[in-house]
Protein chains: 2
Amino acid sequence: MSVTIKDIAKIAGVSYSTVSKALNDSPLVKPTTKNRILKVAKEMGYEPNFAAQRLVSKQTKIIGLIWPTIERVVLSTLVTNISNEIRKTPYSMILSVEPIPASLEAFKRFQVDGVILFDENIDILIEPTTRPLLVYGVADKVNKYFPIVDPNHEQAMLEAVNYLYSDLGHTKIAYIGDFSNSDRMQMEKLKGFKKAMKHFGLSIAPHFLIDTKGLDWYDGYNAVSKLLENSNHPTAIVGGSYDISGGIIRGIKEKKLQIPNDISIISYDNIPQMANMEIPLTSIGVPVDKLAAEIVRSIIELIENKNLHPSIRKMTPELNIRKSCATIKK
Amino acid sequence: MSVTIKDIAKIAGVSYSTVSKALNDSPLVKPTTKNRILKVAKEMGYEPNFAAQRLVSKQTKIIGLIWPTIERVVLSTLVTNISNEIRKTPYSMILSVEPIPASLEAFKRFQVDGVILFDENIDILIEPTTRPLLVYGVADKVNKYFPIVDPNHEQAMLEAVNYLYSDLGHTKIAYIGDFSNSDRMQMEKLKGFKKAMKHFGLSIAPHFLIDTKGLDWYDGYNAVSKLLENSNHPTAIVGGSYDISGGIIRGIKEKKLQIPNDISIISYDNIPQMANMEIPLTSIGVPVDKLAAEIVRSIIELIENKNLHPSIRKMTPELNIRKSCATIKK
DNA sequence: TTGTATGCGTTATCAC
DNA sequence: GTGATAACGCATACAA
């Protein structure tokens with residue numbers, strides 16, 4: 001049986017209500033006794049009973065994160081960053097990898113104070129829930145019940161193309177990414193790329209749009225190999241994700257082409273790992289640490305200020321220039 | 001304010017203790033009243049207060065899983081399987097991706113009934129904890145405090161080589177894997193391979209042992225490319241993991257070699273995905289579902305039968321013959 | 001078969 | 001400043 005405030009009270013020679021106050025650093029208790037109590041508590045190895053605390057306080061200080069597609073690697077860096085970010089606050093995080101309804105159910109039982117949901121999947125429509133829920137995903141009309149943090153893929157693509165075209169002079173630009181229509185984020189990227197090209201009055205050769213049908217390294221590798229079979233090479237490639245771009249680099253080198261001299265490449269996803277690739281990769285996207293910070297800030301705000309209106313927070317993608325893009329040769 | 005058993009009692013016209021019994025399906029309450037109460041409870045949308053339940057029962061029915069290296073993909077399939085397995089029981093699972101001490105601390109606060117720890121890292125020595133803890137990892141002398149479920153890499157390698165040599169006649173066998181000495185599991189595989197070769201009296205050409213220095217697809221790809229630069233090819237390759245083997249396949253095909261006619265390949269890791277690769281891959285290892293089942297069974301046993309002695313459970317790897325190995329040409 | 005009383009460990013509201 | 005005491009929502013031994 002673990003030690004309770006009553007045990008402490010007994011050996012400290014005070015009442016247990018005083019112990020409670022001391023433990024909560026209440027100003028209503030004399031510093032000397034407070035210190036004495038604290039000392040005793042430490043000596044006895046006191047650990048507050050979480051269940052009892054929450055029973056009376058109605059608060060858990062736990063945030064649940066739902067990540068149903070754990071086997072999709074891409075988000076693990078974001079999870080790590082969110083976890084670190086939450087550790088700076090009084091809250092803790094628990095993770096559920098079960099399907100959304102089961103996760104929601106479990107978190108209801110745990111009585112978490114709030115929930116973060118990674119919503120990659122287009123066909124999941126969630127009903128309003130009682131407790132605060134924040135979605136990380138694409139802001140559109142479908143999901144109207146919850147605040148959303150949206151990394152703004154469209155603008156990211158606009159800036160990628162802007163950099164490639166306006167700054168470096170590229171016009172023959174290809175996009176290699178996953179066109180899967182079950183993943184809203186991927187769809188946004190593709191849509192954003194097309195829109196950006198149009199915006200700058202650039203046309204896209206049909207074979208410059210390559211569907212990797214996946215998000216893994218070899219998907220990018222296969223895709224770029226296919227792209228380069230055609231003798232009409234692009235001068236720049238936009239890669240849809242970190243892993244895909246890794247494969248793209250390899251595939252290009254395989255063909256004895258130089259990056260960035262023969263082909264420039266810019267990748268979506270703004271994570272530090274980009275700097276450690278074969279060739280430090282110029283990338284576009286909301287920096288993962290800022291993304292994590294915003295997500296955590298939002299859910300906590302939502303928890304502590306429950307009357308917040310549903311809202312959309314579109315983040316601002318940033319361009320990270322490294323060594324994979326060059327000016328087009330005239 | 002949510003509905004409690006007292007509310008139910010009031011409108012069902014019974015005492016709240018009767019409600020409690022009915023809700024817990026006690027035989028001490030008449031079926032008719034039980035049904036009436038259950039009906040009322042459902043109508044009122046009753047949800048038991050978890051905190052109150054655990055306060056009185058001293059049980060949480062939650063199992064914590066510590067997975068500090070979330071960014072290492074390999075285990076996500078296992079996590080999914082464990083999650084599914086736990087869902088068949090009265091327990092729930094929560095996941096922590098924080099470093100081990102922080103995770104342990106958090107789980108202590110949550111008062112989880114038990115903890116599963118993925119221990120990939122050699123230099124973490126854990127002290128005895130108060131609550132049941134099960135380690136998934138390598139059983140050796142270092143970790144002597146806790147029961148361990150060990151997938152028995154050594155025997156897996158023995159069987160892989162046995163199959164390649166005794167059944168198919170290969171003698172020129174290479175091993176491609178991660179030699180990192182910070183990951184005990186990888187070390188075991190390498191050690192196991194060497195031991196197996198020795199056991200069958202087979203020698204290993206120095207360049208047949210390739211360190212991928214990583215566990216990703218392209219690590220395997222790079223490694224096999226290096227291996228095949230040497231004109232002295234092996235007739236069979238043992239791949240250290242699912243991802244690595246994926247890269248190996250690609251690298252071999254790249255060289256216009258046929259699998260399995262020119263080179264046989266067998267991969268560690270026994271997960272269903274092996275069947276869906278470019279070439280359905282013959283693999284060795286404890287099937288991931290059995291592994292998950294054993295892990296879950298063990299931790300629950302540990303929880304419910306607390307006086308269990310520290311013990312080691314070495315699992316039995318299974319050979320899954322698919323289409324990537326062939327008899328050696330005489 | 002049902003109801004009453006008690007306690008789980010805490011916090012909070014009072015008195016003293 | 002400090003100490004009783006009443007909640008919080010539930011399970012359970014015991015009484016009816």
Side-chain angles (χ1 to χ4, degrees), chain A residues 1-42 44-62 90 108-113 130-131, chain B residues 1-42 44-62 90 108-113 130-131:
Chain A
M1 191 39 79
S2 52
V3 26
T4 76
I5 54 174
K6 292 186 182 174
D7 302 324
I8 300 175
K10 210 165 290 173
I11 96 134
V14 293
S15 80
Y16 69 83
S17 74
T18 305
V19 174
S20 174
K21 284 170 199 152
L23 257 19
N24 289 297
D25 202 28
S26 160
L28 299 175
V29 47
K30 189 159 58 176
T32 49
T33 50
K34 184 186 293 185
N35 288 332
R36 182 160 48 93
I37 291 171
L38 258 31
K39 187 158 153 279
V40 173
K42 173 163 281 180
M44 299 181 71
Y46 169 75
E47 298 275 356
N49 183 311
F50 192 49
Q53 281 181 326
R54 94 169 48 174
L55 179 59
V56 54
S57 73
K58 309 283 186 206
Q59 282 239 340
T60 59
K61 290 290 179 195
I62 300 177
K108 188 153 75 178
R109 287 195 36 243
F110 297 165
Q111 305 186 143
V112 300
D113 290 343
T130 60
R131 73 199 66 245
Chain B
M1 192 38 88
S2 51
V3 25
T4 75
I5 55 173
K6 291 186 183 174
D7 303 323
I8 300 175
K10 210 166 291 171
I11 96 135
V14 291
S15 82
Y16 68 84
S17 75
T18 306
V19 174
S20 173
K21 285 170 200 154
L23 257 20
N24 290 298
D25 201 29
S26 159
L28 299 176
V29 47
K30 189 160 58 175
T32 50
T33 48
K34 184 186 292 184
N35 289 331
R36 183 159 48 93
I37 291 171
L38 257 29
K39 186 158 153 279
V40 173
K42 173 164 281 181
M44 299 180 72
Y46 170 75
E47 299 274 357
N49 183 312
F50 193 48
Q53 281 181 327
R54 91 169 51 172
L55 181 57
V56 54
S57 73
K58 308 286 186 204
Q59 283 240 338
T60 58
K61 292 289 178 196
I62 299 177
K108 187 153 77 179
R109 285 195 40 243
F110 296 165
Q111 305 185 143
V112 300
D113 289 343
T130 61
R131 72 199 66 243

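- Using a 4.0 Å heavy-atom distance criterion, B:Thr33 is classed as a sugar-phosphate-only contact.
- Distance from the side chain of A:Thr4 is smallest for C:dT10 among the nucleotides D:dG1, D:dG9, C:dT10.
- Within 4.0 Å (heavy atoms only), A:Glu47 reaches sugar-phosphate atoms of the nucleic acid but no base atom.
- Distance, A:Leu28 CG to C:dT11 C1': 13 Å, rounded to whole Å.
- Using a 4.5 Å heavy-atom threshold, the side chains of B:Asp7 and B:Tyr46 count as separate.
- A:Lys10 has its NZ atom 20 Å from the P atom of D:dT2, to the nearest Å.
- The stretch residues 17-24 of chain B comes close to DNA chain C through B:Ser17, B:Thr18, B:Lys21, each having a heavy atom under 4.0 Å from the strand.
- Here the C1' atom of nucleotide C:dC8 and the CG atom of B:Leu55 are 4 Å apart, to the nearest Å.
- The interatomic distance linking B:Tyr16 (OH) with C:dT6 (P) rounds to 10 Å, in whole Å.
- Going from atom CD of B:Gln53 over to atom P of C:dT10 covers 19 Å, rounded to whole Å.
- Computed from coordinates, the A:Lys58 NZ to C:dA12 C1' distance equals 13 Å when rounded to whole Å.
- C:dT1 atom P lies 14 Å from atom CZ of B:Arg36, rounded to whole Å.
- The local environment of NZ in B:Lys61 is crowded, with over 12 non-hydrogen atoms from other residues, nucleotides or ligands closer than 6.0 Å.
- Nucleic acid contact for A:Phe50: none, since no nucleic acid atom lies under 4.0 Å from a heavy atom of the residue.
- For the pair A:Gln59 CD and C:dT10 P, the computed distance is 18 Å after rounding to whole Å.
- Contact annotation for A:Lys6: base contact, defined as any heavy-atom pair under 4.0 Å involving a base atom.
- Using a 4.0 Å heavy-atom criterion, one finds that B:Val56 contacts the bases of the nucleic acid, with or without backbone contacts as well.
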